[in-house]
Protein chains: 2
Amino acid sequence: MSKSLKTARRGGDVASAVADGAGTGAVSRRADRAAERRAAIVQAAMDEFIARGFAATRLDDIAKRAGVAKGTIYLHFKDKESMFEELIRTAIVPFVGRLAVPPPLGGSVRDMVESLARMFLQEIAGTRRADLVRLIIAEGPRFPAIADFYYREVVSRGLAAMRALIQLAVTRGEIREPKLVQHPQLMIAPMMVAVIWKSLFERHAPLDAEAMLQTHLDLIFGARRPT
Amino acid sequence: MSKSLKTARRGGDVASAVADGAGTGAVSRRADRAAERRAAIVQAAMDEFIARGFAATRLDDIAKRAGVAKGTIYLHFKDKESMFEELIRTAIVPFVGRLAVPPPLGGSVRDMVESLARMFLQEIAGTRRADLVRLIIAEGPRFPAIADFYYREVVSRGLAAMRALIQLAVTRGEIREPKLVQHPQLMIAPMMVAVIWKSLFERHAPLDAEAMLQTHLDLIFGARRPT
DNA sequence: CATTTATGACTGACTAGTCAGTCATTGTAA
DNA sequence: TTACAATGACTGACTAGTCAGTCATAAATG
């Protein structure tokens, strides 16, 4: 089943690239054009799903937004549901790689956690991706496959990495509270709150996530001494 | 507009209660019967909305579950959308009252926070109400009226109350980190995570929310000395 | 009996998914 | 190089089905 993904590059020449110097930007290679359209569909679908949720999203709208006929969508995806699932997966995968904790280099654990959290705030909480997280929270229960995938690929890995960091910090004496190793969720909780807050309440009361993060880290690692 | 809410109790006697001792449970009083049906509809609608989200929920299903004809629903609610909004409001209100911080009584702030958090875990995170919170997160952006209401009635009040408690604790010396006053969200974050976790990941990895709470409080108030 | 309340068949708008047909692109032969 | 054939990506009108909301009719009530 589910062959339908035509994107597989044939032969070798990936090189007919999208020089796309000046003018029309017309793409010749058939496969390229197809890939381009697929990308447009994915983008459009993402926007629509985020804006309306799964059930309320119309394929007609996705098609229109992607500048494509509805039938074209079905050349790339089996149906609405598998499109949705594949979409989420595709969007998540790029982040999975970074979850392997970078080798505990020289600096303090706090610095490492801080830079990780900063990255998260900038690349997720501050962007449309925050809505993606919200979408997963929203649709998860109705798409167990997605919840499972998300748990396996993101949550469990992320928590494992975080636990390792906490363990290290406890060993080094950077963190006093050893029980924290059992609850790596506590380290991440403020990030989750930030994501949700941005999606729902930002216009009521803007949240200074960076400042909150500092306070959070001070609680866990102890306040930095004022030099 | 939107009169349609028939629930207003007439006269005084709320007392013709639902004795409902043994048999049919037949209720005589018209208004009571109406109220009963309304309650059944509300309950059924809640279940369906939680299970499927707003868009995917069918009024036919709500009617069937409530043991009522579809037309009956429209005797109580203007349409699907306002039913949804009113539903959420109705479900939230009972909790608003408790958010006024009980007068800072004798005990420590930590004990007070702890008991509040415990209550939250038991009455929200442990129950179907957790899914209600998830539902608000999920549908909030599409129902600004609900997000607004939720922010006004729950979030802002809850945070204000929490801020007052933190302020008190800082004054008393129970909390060392004064910046926490600026970020009452940090106090609540683990509760939010618990709610989401229960909804999405409980079957993958059960979360001991109580234990997590203890660790969290130890971080904020300092570990209890082992006597 | 008059009035209020409840019913559920019905309607009309809407939408996921299909498929016969079109046509630009690619391959092949002269 | 040019003419012709094969391919398959793309289209959009269409089908079959769904569902919010209505209303003529029936039941319950006082």
Side-chain angles (χ1 to χ4, degrees), chain A residues 1-11 13 16 24-41 44-45 48-49 52-85 87, chain B residues 1-8 10-11 13 16 24-41 44-45 48-49 52-87:
Chain A
M1 326 150 179
S2 78
K3 291 267 188 47
S4 51
L5 319 181
K6 302 295 175 46
T7 321
R9 303 301 164 79
R10 247 176 306 164
D13 53 353
S16 68
T24 51
V27 182
S28 50
R29 215 75 201 331
R30 238 181 189 177
D32 286 350
R33 186 171 162 80
E36 224 176 39
R37 305 217 131 175
R38 188 179 211 275
I41 293 170
E48 291 290 327
F49 280 133
R52 321 183 109 79
F54 176 79
T57 290
R58 283 163 302 216
L59 289 185
D60 285 306
D61 288 347
I62 294 177
K64 185 181 294 180
R65 186 190 277 250
V68 144
K70 183 154 64 150
T72 306
I73 293 176
Y74 286 89
L75 298 176
H76 293 274
F77 301 95
K78 178 167 155 286
D79 58 15
K80 191 183 178 186
E81 197 165 317
S82 52
M83 173 166 74
F84 182 69
E85 297 192 352
L87 230 60
Chain B
M1 319 162 177
S2 80
K3 293 268 189 46
S4 51
L5 319 182
K6 304 294 175 50
T7 323
R10 251 174 307 168
D13 53 352
S16 66
T24 50
V27 183
S28 51
R29 216 62 205 323
R30 239 183 190 179
D32 287 351
R33 185 172 163 79
E36 222 176 40
R37 303 213 135 179
R38 189 178 208 277
I41 292 170
E48 292 289 328
F49 281 132
R52 321 181 108 81
F54 176 79
T57 290
R58 285 164 301 221
L59 289 185
D60 285 304
D61 289 347
I62 294 176
K64 185 181 293 179
R65 186 189 277 249
V68 144
K70 185 157 63 155
T72 306
I73 293 176
Y74 285 87
L75 297 176
H76 293 272
F77 301 94
K78 177 170 156 284
D79 58 15
K80 191 183 177 185
E81 197 164 315
S82 53
M83 173 167 73
F84 182 69
E85 296 191 354
E86 195 178 322
L87 229 61

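Order of the sequence lines fixes the chain letters, A, B, ..., with proteins taken first and strands second; residue numbering starts at 1 for each chain. Since this is a predicted model, take the numbers as computed values, not measurements. Side chains included, hydrogens not; waters and symmetry mates left out as well; all remaining heavy atoms used.
The distance between atom CG of B/L75 and atom C1' of D/dT25, rounded to the nearest whole Å, is 14 Å. Spacing between atom NZ of B/K78 and atom C1' of D/dT22 amounts to 15 Å, rounded to whole angstrom units. Rounding to whole angstrom units, CD1 of residue B/I73 and P of C/dT7 are separated by 10 Å. Taking atom CZ of A/R37 as the reference point, atom C1' of D/dA9 lies 8 Å away to the nearest angstrom. Counting to the nearest Å, the P atom of C/dG8 and the OH atom of B/Y74 are 16 Å from each other.
Here the CG atom belonging to A/L59 is positioned 5.0 Å from the CD1 atom belonging to A/I73, to the nearest 0.5 angstrom.
Of the side-chain N and O atoms in A/H76, one or more sit less than 4.0 angstrom from OP1 or OP2 of D/dC10.
Ion pair B/E86/B/R38 flagged as a salt bridge, since at least one NZ, NE, NH1 or NH2 atom sits closer than 4.0 Å to an Asp/Glu carboxylate oxygen.
Note on ring orientation: taking the six-membered ring where Trp is involved, the planes of A/F49 and A/F54 are parallel (angle under 30°, cut-offs 30° and 60°).
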Produce a footprint string for nucleotides 12-19 of chain D: one letter per nucleotide, 5' end first; B if the base is under 4.0 Å from any protein heavy atom, S if only the sugar-phosphate is, - if neither. B------S

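Listed by chain and number, the residues in a side chain to side chain contact (heavy atoms under 4.5 Å, CB included) with A/A39 amount to none (sequence neighbours excluded). Partners of A/D60 under the side chain to side chain donor-acceptor pair (under 3.5 Å) rule, at least two apart in sequence or in another chain, do not exist in this structure.
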Show me the donor-acceptor pairs, under 3.5 Å and distance only, between side chains in residues 63-70 of chain B and residues at least two apart or in other chains.
| from | atom 1 | to | atom 2 | distance (Å) |
| --- | --- | --- | --- | --- |
| B/R65 | NE | B/E48 | OE2 | 2.9 |
| B/R65 | NH1 | B/D47 | OD2 | 3.1 |
| B/R65 | NH2 | B/E48 | OE2 | 3.2 |

